[in-house]
Structures are given as C-alpha cells and as structure tokens.
Protein chains: 2
Amino acid sequence: MDVHGRDLRYFATVAEELNFTRAAERLFVSQPALSKQIRMLEKQLGTSLFHRDRRSVRLTATGEALLPHARELLASWQAAQAAVEDAKAAERHTLVIGMSTSPGRGLLPALRARLVSLYPDARPVLRQVNWADPSAGLADGSSDVAFVWLPLPDDERYRYAIVAEEPRVVALPYGHPLAARAAADHEGAVDFADLLDEPFLALPPEAGPLRDYWLALDSRGDRTPRIGGVVASAEETHEAIANGQGVALLAAGNASLVVRDEVIAVPVRGVSPSRLAVAARTDDERPTVLAYLAAAERVATGPS
Amino acid sequence: MDVHGRDLRYFATVAEELNFTRAAERLFVSQPALSKQIRMLEKQLGTSLFHRDRRSVRLTATGEALLPHARELLASWQAAQAAVEDAKAAERHTLVIGMSTSPGRGLLPALRARLVSLYPDARPVLRQVNWADPSAGLADGSSDVAFVWLPLPDDERYRYAIVAEEPRVVALPYGHPLAARAAADHEGAVDFADLLDEPFLALPPEAGPLRDYWLALDSRGDRTPRIGGVVASAEETHEAIANGQGVALLAAGNASLVVRDEVIAVPVRGVSPSRLAVAARTDDERPTVLAYLAAAERVATGPS
DNA sequence: TGTTGTGATAGCCATGCGTTATGGACGTCC
DNA sequence: GGACGTCCATAACGCATGGCTATCACAACA
C-alpha cells in the first residue's frame, strides 16, 4: 500500500548503478541490507524489478516502468522538505506580539525599529487578544511577546519590562452624578472612596488577579465591589457604560478607547497607578524575543 | 531524510479530519498509534504540524505548507503503483518465443492463431537467440517458450512437443568435389561416409550435445571430426562455407537460410533426421505457456 | 588453480510500529 | 455538582522491520 521513501531511493540508485555492491556503497549501507530491501520492495509490488543474471543486473520491464515514477516521487519529497524548511524559517522569524488593546504611546514603532535593526529578517506581527487572557496569548503560546497590564498571574512563568506607568481614571456615563462632582473639583477628579458603592464593570473571572486589580480590590478594604457586568473588549466596555450598567477604571492612556458619545473619563484619587509591561515566557530564549524585551527595557529607561 | 508513505497518509488524514480519534478510525489504526506516528513525523521534520489546544486540533503554518505536497506525493505513488500494475499485466500477457532461426514451415502463424483464440490478451513476441544457447533463451528465462533442435541438454528441465522431423542436408561451396559427385548420384545425394574427412563448421562449445548432434558425432564411430570453424548464426555459416572453411549439416527446411551465391545444399544418406520441437521450462505452468505447447502438439499430430 | 567480484543467505540485535490499558483535562447532562 | 463522554497523551509490551557481520556460491580471469 505505502512505500518507504528509502526503498525508492535504494531502487533508483541500484537502477542507476546496475550493481548492488556499488549502489550499497553510494547509499552507505551494506550490500546485503540493500539486496534485502530491494527484495522486500519486489515482494511488496508482487513483481521483480531487476533481472539478476550471474554477471549482470538489469531492469525488468516493470522496473523500467517504475523508475521514472520513483524519481519523480523522490524529487517531490525533496520539494516538500524544502517547503517545510521555508515555513520553519518564516515561523522562526515571525514574532507574534499580543495585546489586549493597542498599547499606543508610540511604543510599537519604537520597539519595532529596535528589533529590526538587530534582526533585519524578523517579522513582527500584531495580534489582538481577548481581555479574558491577562497574558495576552503568552500562556497558550499564541503570542511570543505581549503587552500586558500588571499584575500578571503566574508571574514566575514570565519575564517582563515595564514600559509605562500612569494613573488610573474612571469612565462614567455623561450624566452620572460623579461627573458633575468632578467638574466641581479643583483637580477635576473624584475620590475612589466615592466610587465604592458604584456598580463596576469587571473582566471575566478567568482574568484572575487582573480582574481584581481593575476593580481596585486593594483600595476597598473589606468592602466587596458591586459587579455591574462583565466585559472583554473596549467596545463592550463603552456600550456597558453608556447603558448605565456600571463604571470602570482605565489606564489614563487608554481612556480614549472608551471615551466618546455618552462616556467621559475623570481622574481618580486614591488608587495606585497602572503599569503596562512587555512580557515573554521565561523559558523562551529565542533571540528575537529577548531582543524585543531588551528594547522594551531601553524604551522604559530611555528618553521619555 | 526519507518519509514512509504511511506517515504522509496519516498526516493528510488528520489534516482532513482535524480530529485524531476519527482519523484513526478512518485509517484503521488505534488512536495512540496515530498520535505517536504524527509525533514521530513532527520530530523528523523538526517542527510541529498541528496545534493541539485542549479542545481543537488545527494545522500549523508548517503543516499548511506540507499538506499540498503530501497530497501530491500520495497521488504520485498511486500513479506509480498503477504503472507497475500495467507493466505486470503486460508482462503476464507477453509470451516471448525464442528461436535460433525462424522455424518457418508455417508454424508461427498456426501456433499464434491457436494461442490468441484461447487467450485473446496474449501478446506473442518473437526473439532471435544466438546459436550458442541450445535452449534458445529458456535456460536464462529470456524466453518463455522456444523452438529448439533436439537433443536438448538438461532435458528434464524442459517439456517439449516435436513439431517437425526432416532429413539433414549438407551445405557445400558451389565448386566442392562432392557437389559434382552428388550431381552424378541417382538421388542427387552424398553418403555421410564421404564427408568424414571434410572440415566441419561447429556450434560454439557451450551448445554441448547439440554441437555434437550437428557434427553427427554418432555417425562417425570413433573418428573425431575436423573442425573448420565455429559459427553462431546463419550469416556466419554462409560466409564460412563460401570461404571454404568447411561444410555444415543443416535441417532440410533450413537449407534456404544458407543456400545462395556460392553455397549449395545436397541430401545426405546415413545420418538421422533432425527434429524441431517447441519447448518450455518444466516448472513454468503459466496458462499461455501451456497453451502454446498444447498448440504445438496438435500441429504435430494434426493435418500435415 | 587460486583470486577477484558479485549477489544471496544466515544469524543476530536495535528500533519501529502496532496493540491494549490508562490518565488527565475539558465539556455536558441529569 | 457529580457522573459521564470526548479527546489526546502516555505506558507497557510484542512482533516485524531493517540494519549489521560472516559466509557461501558461482563466474570470470590471470
């Protein structure tokens, strides 16, 4: 039914040399091994491929019929192998950059530039990941590096470089009472204490510690938050806020993703700032990955 | 380096089903066997071919690159197998008929007709064999059946049917003294006794008993023949006789092959007649071979 | 007549590739 | 929420495959 490619290779070589001993040498196997394999192939095909007279080996009509096909198969397999090698090379050069929302802040072009200056063959590819995954695809391998919000669950599995630290703001519906209070505030801000009774939009439970972080659990004491809804994208968040399902904390730099139409954002006093990092798996030592992380470190400590 | 065709088949099937269990069923192997083979293939290629997430199996980029090649290889192997089958069928229907010289006597068309009436697919192919082989190719398998002159060496290896029995004649140069004597004879013949001192053309030594037969050794008592030359074809025989190297016995029906220009043939008294047979190897039981022999028997005993 | 070249055979061992049994991670259903 | 079904991976094991070396059989040749 099937052949082993090796057998075709053996066959083609014997057909070329018409001498088992020499063919065996060319194939780097012993002559008996070659004889046996050819016999097995003949047995499998139910016909002989070579006439072996005492002094000479020559192809039978069947062997003659098989030879061109065998050569074609061998060539096709070569081509298939080459295709696989190409695909492997492409995969090796591709760096999938996961992100829950565009990191903005000029980060992507800066990092990209540093990466390709070191590895001109590298092909960075951006990938949008659902908010339910706080590792932005690192965990399941669908991203090679990722923009993530700290804290990162399971964080010994990842290494990261913080690329931005910025205050959190709260997104509110336009007509919300706190919007007016903020407008009256001398800083245009609200205290987190005033938000404790508000329903909050939360990340899906799978997000783990990150869900807690955006609910600012650590600033609530023993008061549990009211959950007004679960959101997993900027679009859903905007909709939910506009519909009055709840309010949500955001990084200041991300406010623009949600603020439009009925929704505004105001600074919040009394919550820690948010930290955005570039992360990769600890066990991933590929040079392009390490280079991207190094670039992120330099961006963070560099001119800003 | 090489692949087993089976592995490509497995790969293509999994790629189609995207489910190892179902693919294993379609391939009539157990699911673990399939899993293992795919892993081995991936190991061999140095890359993974499938993403196996918890709930889904899908091709990697490399797998995607390999798939069309795998399909092509499988199709090519199908074609190769078909070509081999065709060649086998052709070989099975081909009947190689060996002969040292054309048997003439209307035998070939008669036997061919009987063969194809029984086996319409049979393709009789004529093959001229050097006179050094008294089996006309049966011995080394290059003929399936053969027209041979008795006695046949090694004759338990062959079965045969005598298809002609006819007197032997002697071929002489035109100006040979015995030519004149024959002309004066009331039967136009010569006695073999008068030929004992003549140089004879002989078959090559490999011809064994047949060489002795055409030297008529059994009619010479203890007188050893003088050998004027060794001949292995009608053309050589004609040349050698015309050049005066010697004379030669021939079957009457074969005289025309040698008699022209300087050479004549005259009947000989005192030698046994020659017997032409159709022979095949005893261990060859193929229907077309047996049919050809049976046809030869009927020709011999039939209307003549 | 011994030497050389060639393919086939024998005996041995490591690996390949199949099997069944079982495990573990998810879903789904009652 | 516990039992069950689905799906892929692993473990343990056995027969077949495919390699090796040593040796034979035979023809050619010196």
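All values below were derived from every heavy atom in this structure, side-chain atoms included, with hydrogens, water molecules and symmetry-related copies excluded. These figures come from a predicted structure and were not determined experimentally. Convention: sequence-line order gives letters A, B, ...; per-chain numbering from 1.
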Can you list the residues that meet the salt bridge (charged side-chain N to carboxylate O under 4.0 Å, His left out) rule with [X], with sequence neighbours excluded?
{"X": "A:Arg223", "result": "A:Asp197"}
{"X": "B:Arg275", "result": "none"}
{"X": "A:Asp284", "result": "A:Arg281, A:Arg286"}
{"X": "A:Arg6", "result": "none"}

Separation of [X] atom [atom1] from [N] atom [atom2], in whole Å?
{"X": "B:Arg22", "N": "D:dC8", "atom1": "CZ", "atom2": "C1'", "answer": "13 Å"}
{"X": "B:Glu17", "N": "D:dC8", "atom1": "CD", "atom2": "P", "answer": "11 Å"}
{"X": "B:Lys43", "N": "D:dA9", "atom1": "NZ", "atom2": "P", "answer": "15 Å"}
{"X": "B:Ile38", "N": "D:dA9", "atom1": "CD1", "atom2": "P", "answer": "10 Å"}

Practice prompt. Scan for ring-ring contact (aromatic ring centres under 6.0 Å, His included) pairs involving residues 53-99 of chain A, sequence neighbours excluded, and state none if there are none.
Written response: none
Practice prompt. Keeping to residues at least two apart or across chains, list the ring-ring contact (aromatic ring centres under 6.0 Å, His included) pairs with something in residues 138-157 of chain B.
Written response: B:Trp149-B:Trp214
Show me, pair by pair, the donor-acceptor contacts under 3.5 angstrom made by side chains of residues 32-40 of chain A, not counting sequence neighbours?
residue, atom, partner, partner atom, Å
A:Ser35, OG, A:Gln31, NE2, 3.2
A:Gln37, NE2, A:Asp7, OD1, 3.2

Discussion item. Less than 6.0 angstrom from the centroid, inside 45 degrees of the normal: does A:Arg26 satisfy that with respect to the ring of A:Tyr10?
Written reply: no
Tell me whether the side-chain N/O atoms of [X] come closer than 4.0 Å to OP1 or OP2 in [N].
{"X": "B:Arg52", "N": "D:dA9", "value": "yes"}
{"X": "B:Asn19", "N": "D:dC8", "value": "yes"}
{"X": "B:Ser35", "N": "D:dC8", "value": "no"}

Discussion item. Walk along nucleotides 11-22 of chain D from 5' to 3' and tag each nucleotide B, S or - by protein heavy-atom contact under 4.0 Å, base first, then sugar-phosphate.
Written reply: -------BBSBB
Practice prompt. Starting at the 5' end of nucleotides 24-30 of chain D, put B wherever the base has a protein heavy atom under 4.0 Å, S where only the sugar-phosphate does, and a dash everywhere else.
Written response: --SSS--
Worksheet item: Hey, is CZ on A:Arg123 packed in by over 12 heavy atoms from elsewhere, all under 6.0 Å?
Response: no
Worksheet entry | Any residue meeting ring pair (Phe, Tyr, Trp, His ring centres under 6.0 Å) with A:Tyr292, in chain and number order, not counting sequence neighbours | none
Item to complete: For A:Phe11, enumerate each residue passing the ring pair (Phe, Tyr, Trp, His ring centres under 6.0 Å) test, keeping only those at least two apart in sequence or located in another chain.
Response: A:Phe50
Fill in: Along DNA chain C, first and last positions that approach a heavy atom of chain B under 4.0 Å
C:dC17 to C:dG27
